[in-house]
Amino acid sequence: MALEQTDVEKIAHLARLHVSTEEATEVAKRISSILELIDQMQGIDTENVAPMAHSFDAIQRLRPDVVTETDQREYLQKIAPSTQDGLYLVPKVIE
Amino acid sequence: MSDRTVAALSRSLAQGEFSSVELTQDYLSRIALHNKGLNAFITVTEELALAQAAQADAQRAKGQHGPLTGIPIAHKDIFCIQDVRTTCGSKMLSNFIAPYNATVVERLNAAGTVTLGKTNMDEFAMGSSNETSFFGPVRNPWDNERVPGGSSGGSAAAVAADLCAIATGTDTGGSIRQPAAFCGITGFKPSYGRISRWGMIAFASSLDQAGPISKSAEDAALMMNAIAGPDSRDSTCVEGAAPDYMSTLNDSLKGLRIGVPRQHITKGLGAEVEKALQEALKVFESLGATVQEIDLPNNHLSVSAYYVIAPAEASANLSRFDGVRYGYRCDKPVNLEDMYKRSRSEGFGDEVKRRILVGTYALSAGYYDAYYLKAQRIRRLIKQDFDAAFKEVDIIIGPTTPHTAFKIGEKSDDPVTMYLEDIYTIGVNLAGLPGISIPAGSTSASGKALPIGIQLVGSDFAEAKVLNIAHQFQLHTDWHKQTAEV
Amino acid sequence: MGWETVIGLEVHVQLATHSKLFSGSSTTFGAAPNTQASVFDLAMPGTLPVLNEQALRMAVKFGLAVDAEIGRRSVFDRKNYFYPDLPKGYQVSQLDFPTVGKGSLEITLEDGSTRVIGITRAHIEEDAGKSLHEDYQGQTGIDLNRAGTPLLEIVSEPELANAKEAVAYLKKLHSIIRYLGISDGNMSQGSMRCDANVSVRKTGSTELGTRAEIKNINSFRFVEKAILHEAQRQIDILEDGGRIVQETRLYDADRDETRSMRSKEVANDYRYFPEPDLLPVVIDEAYIEAVRAELPELPNAKRERFVAQYSLSEYDAGVIASSREMAEYFEEVVTICADAKLSSNWVTVDLQAVLNKQDLEIEQSPISAMRLGELIARIKDQTISSKIAKTVFEAMLDSTQSADEIIESQGLKQVTDSDAIEKLVDEVIAGNPEQVEQYRAGKEKVFAFFIGQAMKASRGKANPEQLNALLKQKLKA
């Protein structure tokens with residue numbers, strides 16, 4: 001399936017990636033060639049095949065409801081781009 | 001030192017031929033000498049290494065030691081090491097000092113290994129050549145104009161060039177086995193779920209698996225004994241203790257049934273690689289194994305399915321890199337959207353962005369069934385092929401890669417061609433099986449000698465069997481002893 | 001032809017676990033920002049989720065309480081979107097295979113009638129953090145303490161016909177989750193939050209109209225107001241020949257209006273897919289039966305029992321049973337005083353009035369069940385009259401003394417000594433010859449005057465029945 005420039009812009013926005021108009025055509029071409037590779041599987045009849053999300057059949061293990069973590073704010077915020085009063089700062093969110 | 005396998009170094013340490021500090025200093029000086037040319041390490045942790053080595057020596061003196069005590073190791077820069085920069089080969093994390101240890105690191109630390117540093121890799125493990133690293137390409141020790149393979153290219157090059165005794169790697173579609181083949185060493189991807197993924201930066205969660213990159217199958221077994229087994233922090237890590245992988249290494253191969261996939265021996269396979277494979281099969285036959293052809297009829301679809309599933313999972317896994325809590329944030333964002341878009345576009349390289357876009361597309365409204373669900377159904381077909389094959393044979397042996405290491409820049413303009421080179425390894429990840437690449441030949445067809453690898457694939461959780469067979473091969477061949485001249 | 005409203009509610013309930021849904025961080029409310037945010041909650045690279053067993057158990061408990069199908073194999077999915085209070089860039093939720101499937105809830109309306117409302121599903125998911133919009137150098141502050149707190153999102157069928165039904169549904173839900181102990185249901189702290197899907201249609205029509213989703217409703221009162229406002233807004237538009245836009249609207253309690261949140265609406269495509277870091281959750285029969293065995297007596301069953309066991313009216317029984325705490329309080333009172341009817345009156349009228357006035361929950365009541373029970377016991381054994389009991393009750397509010405201590409210290413004990421009462425009656429008759437004459441001449445109304453005089457003389461303590469009988473007898477003579 002060939003991708004249009006507008007498709008690229010739409011998915012780029014969903015993925016919060018900046019793709020300029022000039023780049024969009026090139027990106028569309030590259031992704032289209034990947035989709036062409038992917039489309040090999042379209043001809044295969046999988047009507048009665050159940051999707052497989054994990055390679056083995058196992059079930060989720062459960063964790064006891066116990067608090068095991070302690071406050072590490074100061075340590076963890078050393079690597080943050082911007083903080084104040086213990087909060088992570090981001091450009092103003094407009095509701 | 002002529003034999004730098006972990007097994008040999010461990011014996012020397014035990015006999016007091018040298019201390020771990022001396023051994024570590026030797027490796028550090030080799031790194032100082034050769035890393036500039038190879039670019040195998042992103043970060044060298046000299047201070048940490050010497051401290052760990054001194055501690056290891058002290059433990060040996062007290063008699064509290066195991067086979068890995070004092071062994072210098074390198075970790076792929078995808079594993080978090082507390083208070084050490086952990087970049088995942090990306091600008092996005094070029095300033096990221098990890099606040100915790102990966103389980104693999106924690107267990108190897110506990111086993112007494114000495115951390116020399118963090119090895120170079122394709123950005124977020126997305127690549128087969130190590131050319132997508134923000135920190136520049138790694139060079140193949142056998143031929144500096146060639147790639148070491150990827151994504152664990154730094155680990156493979158470091159082991160091949162004796163810049164460490166053993167290294168960790170991760171494998172999502174061949175990222176341990178393919179660089180091992182390209183660098184003439186042993187690379188083992190255990191079954192999905194055998195080793196905890198806690199602290200291993202995710203690329204594609206349902207496919208990623210950690211494993212050893214080493215100079216022999218025996219060394220791989222030594223590392224497996226330290227890292228395999230359940231972890232309460234990883235829901236997908238299987239319960240039940242892992243076996244002792246050393247204890248079965250010397251099991252006889254008499255009566256072993258080997259299957260060679262008909263679909264792997266096609267015109268796409270390089271002549272030298274095919275020749276090496278046939279020679280290797282003869283070795284196995286001489287050890288009492290029988291060889292038969294088998295079918296993996298859907299193997300040709302593995303690359304298609306993989307390039308939906310892996311990017312889809314990656315597109316979500318990489319959403320956390322948003323410039324809010326850690327990692328790269330763009331300069332002076334004008335608003336929230338600008339911060340997201342510029343941080344991510346400036347922080348990620350082209351291949352990573354491409355895969356995020358492909359994955360986002362495959363999951364988006366209207367395409368989910370045709371791409372994502374379809375790929376998951378194909379995945380089951382591929383798994384069923386393996387299940388059927390393992391009713392007839394004990395092990396599947398074939399080439400690891402169609403060709404030997406290619407030149408830097410040769411395929412970087414054509415991602416699809418590069419993707420197709422992973423045709424023999426990807427299906428193994430989709431099926432979650434254990435697979436090992438071991439050296440089985442060499443070719444000088446293009447000038448310099450280049451190693452050739454073959455791949456052994458076992459059934460679900462048959463790691464011990466795979467290591468046993470690889471070890472027996474290595475007892476009767478010398479390919480794994482060949483070293484690159486750096 | 002008129003309009004009718006169709007409402008479906010999506011209620012998010014914070015499950016009262018000690019630790020988060022997928023990490024070992026504390027869920028305590030009100031901690032300093034980001035002090036309860038671990039490496040997993042901050043979405044540090046390489047971290048992984050492991051499911052909290054209590055969150056699952058609580059969800060199953062809820063499912064059983066509303067007679068729902070329990071998903072034998074539930075699957076977690078990733079819901080992808082970017083927001084600064086969503087650290088991973090996706091929320092882990094359950095799309096196609098929720099833990100709780102179809103169920104139902106009986107609600108009681110103001111006129112005492114009941115209706116059964118369908119529950120579509122209830123799924124487990126993670127809460128987000130909080131964005132603080134106060135000015136931090138012109139920026140927004142992010143607190144991730146709440147991120148990863150387990151939520152149960154309970155989705156109703158679009159079967160609620162008006163704002164009052166919506167409130168009744170919400171109150172019943174509130175009652176059940178508190179009975180089950182799976183959440184404190186505190187709306188003002190956000191541990192129970194409500195989104196309402198509201199649409200209108202011509203009366204009698206069977207098709208649903210275009211709906212608007214109203215978010216951010218954080219009290220029972222606002223639910224009613226927001227729905228009323230939104231329904232009217234839609235009717236106004238339709239009557240003017242307009243068209244309803246499917247959108248998300250925010251309820252602004254200060255202005256009592258809803259307004260569009262178009263900024264958040266731009267072509268959302270959540271790209272759900274199964275969460276690869278978690279495996280399917282499989283629940284077997286034995287697990288379900290074990291959880292069922294832990295279920296407490298629920299409001300409806302309790303109400304029926306109160307009617308049967310204590311002969312309460314349906315209404316009183318319903319009021320008391322609506323709150324687990326009130327029901328427990330009531331039963332403790334009954335145990336002590338052995339009079340259910342009196343207990344019901346005192347709990348639902350007198351005590352409730354005090355609680356309302358002081359804005360207290362029954363578990364914060366200034367008078368414990370034991371003290372109230374002892375007070376009622378004194379009415380029952382005629383130590384004091386009902387009227388004096390009110391005085392004692394008032395005194396008890398400001399003290400820790402028992403009813404007996406107050407009755408004793410203030411000398412409020414009812415006079416039942418017939419000699420004393422006779423003396424009183426004699427005095428009143430002797431002191432009011434004029435009225436005695438009037439009474440004896442047939443003016444029976446004057447009787448009330450004698451009662452009043454006698455009571456006044458006894459400072460209210462004379463046993464009214466004895467007094468009554470004796471007065472009648474003496475006046476006749």
Side-chain angles (χ1 to χ4, degrees), chain A residues 1 3 7-8 10-20 23 26-28 30-31 33-56 58-64 68 72 75-83 88-94, chain B residues 95-97 99 192-193 206 232 235-236 238-239 298 300-301 303-305 307-308 315 322-327 329 333-342 344-345 348 353-354 356-358 360-361 364 370-371 373-381 383 415-416 419-420 430-433 460:
Chain A
M1 191 177 303
L3 219 58
D7 297 324
V8 170
K10 195 188 124 217
I11 56 174
H13 176 70
L14 283 175
R16 296 298 185 275
L17 290 171
H18 178 76
V19 179
S20 69
E23 291 168 317
E26 179 60 23
V27 171
R30 292 236 172 186
I31 291 179
S33 71
I34 298 170
L35 293 178
E36 207 174 294
L37 167 75
I38 292 170
D39 279 335
Q40 275 185 17
M41 64 180 186
Q42 298 303 355
I44 308 301
D45 179 9
T46 52
E47 180 99 14
N48 297 311
V49 185
M52 188 171 95
H54 289 100
S55 56
F56 61 95
I59 59 169
Q60 179 61 35
R61 191 157 20 90
L62 303 174
R63 178 177 65 78
T68 54
Q72 291 195 83
Y75 178 59
L76 294 172
Q77 290 196 340
K78 272 190 206 158
I79 52 173
S82 177
T83 60
Y88 292 97
L89 296 188
V90 297
K92 196 108 198 133
V93 175
I94 302 138
Chain B
N95 61 358
F96 179 68
I97 309 297
Y192 182 82
S206 78
S232 61
S235 303
T236 62
V238 292
E239 290 176 82
N298 294 293
H300 66 290
L301 299 170
V303 180
S304 307
Y307 276 97
V308 173
S315 71
D322 58 4
V324 177
R325 301 162 309 284
Y326 53 81
R329 180 189 285 198
V334 297
N335 57 36
L336 186 65
E337 188 169 311
D338 183 50
M339 182 194 72
Y340 280 144
K341 289 191 174 174
R342 276 204 293 127
R344 290 168 59 77
S345 295
F348 291 140
K353 281 188 266 192
R354 203 145 48 221
I356 290 174
L357 291 173
V358 169
T360 303
Y361 185 68
S364 64
Y371 286 117
L373 270 190
K374 184 82 183 181
Q376 284 210 330
R377 294 181 206 276
I378 298 285
R379 184 175 185 180
R380 186 173 296 278
L381 291 179
K383 175 82 174 172
V416 171
Y419 296 172
L420 285 168
L430 290 170
L433 303 172
D460 278 318

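In this text the structure is predicted, and so the values were computed from the model without any measurement. Each chain gets a letter, A, B and so on, in the order its sequence line appears, and its residues count up from 1.
Counting heavy-atom pairs closer than 4.5 Å to chain B, the top-ranked of the candidates A:K78, A:K10, A:Q60 is A:Q60. Put simply, of A:L89, A:L76, A:T46, A:V27, the one with the most heavy-atom pairs under 4.5 Å next to chain B is A:T46. Chain B forms more heavy-atom pairs under 4.5 Å with one residue of A:V8, A:L62, A:I44 than with any other, namely A:I44. Here B:S304 is the residue among B:S364, B:S232, B:G323, B:S304 with the most heavy-atom pairs under 4.5 Å with chain A. Among B:K383, B:M339, B:K374, B:H300, the residue with the largest count of heavy-atom pairs under 4.5 Å with chain A is B:K374. When each of A:K92, A:Q42, A:H54 is scored by its heavy-atom pairs under 4.5 Å with chain B, the top score falls to A:Q42. Note: B:V324 leads B:D322, B:D338, B:V324, B:N335 in heavy-atom pairs under 4.5 Å with chain A.
Rounded to the nearest 0.5 angstrom, A:I79 CD1 and B:N95 CG are separated by 8.5 Å. To the nearest 0.5 Å, atom CZ of residue A:F56 and atom CG of residue B:L433 are 12.0 Å apart. Atoms CD1 and CG, on A:I38 and B:L301 in that order, are 12.5 Å from each other to the nearest 0.5 Å.
Looking only at side-chain heavy atoms (C-beta outward), A:L17 and B:T360 stay at 4.5 Å or farther from each other. Side chains of A:M52 and B:L381 form no contact here, defined as non-hydrogen atoms less than 4.5 Å apart. A 4.5 Å side-chain heavy-atom check between B:Y361 and A:I31 finds every atom pair outside the cut-off.
The minimum heavy-atom distance linking A:R30 with B:P415 is given by the pair NH1-CD, 3.5 Å. Here the closest non-hydrogen pair linking B:G327 and A:P81 is O-CG, 3.9 Å. Closest of all the heavy-atom pairs between A:I11 and B:L357 is CD1-O, 3.5 Å. Nearest heavy atoms, A:P91 versus B:L336: CB-N, 3.6 Å. Shortest non-hydrogen contact noted between B:V358 and A:I34 is CG2-CD1, 4.0 Å. Across all their heavy atoms, B:R329 and A:S82 have their closest contact at NH1-CB, 3.9 Å.
A donor-acceptor contact shorter than 3.5 Å links the side chain of B:R377 to the backbone of A:V49. Within the 3.5 Å criterion, the main-chain N or O of A:A50 finds a donor-acceptor partner in the side chain of B:R380. For the pair B:R379 (side chain) and A:A53 (backbone), a donor-acceptor distance under 3.5 Å is present.
When A:R16, A:H13, A:H18 are each tested for a side-chain contact (heavy atoms from CB on, under 4.5 Å) with B:Y340, only one passes: A:R16.
For chain B, the nearby parts of A:Q40 are the backbone and the side chain; heavy atoms of each come within less than 4.5 Å. Looking at B:L430, only its backbone comes within 4.5 Å of chain A, counting heavy atoms on both sides. Both the backbone and the side chain of B:S235 come within less than 4.5 Å of a heavy atom of chain A. Contact of A:A58 with chain B is not made at all, since no heavy-atom distance falls under 4.5 Å.
Using a cut-off of 4.0 Å between Lys/Arg side-chain N and Asp/Glu carboxylate O, B:E239 and A:R61 are scored as salt-bridged.
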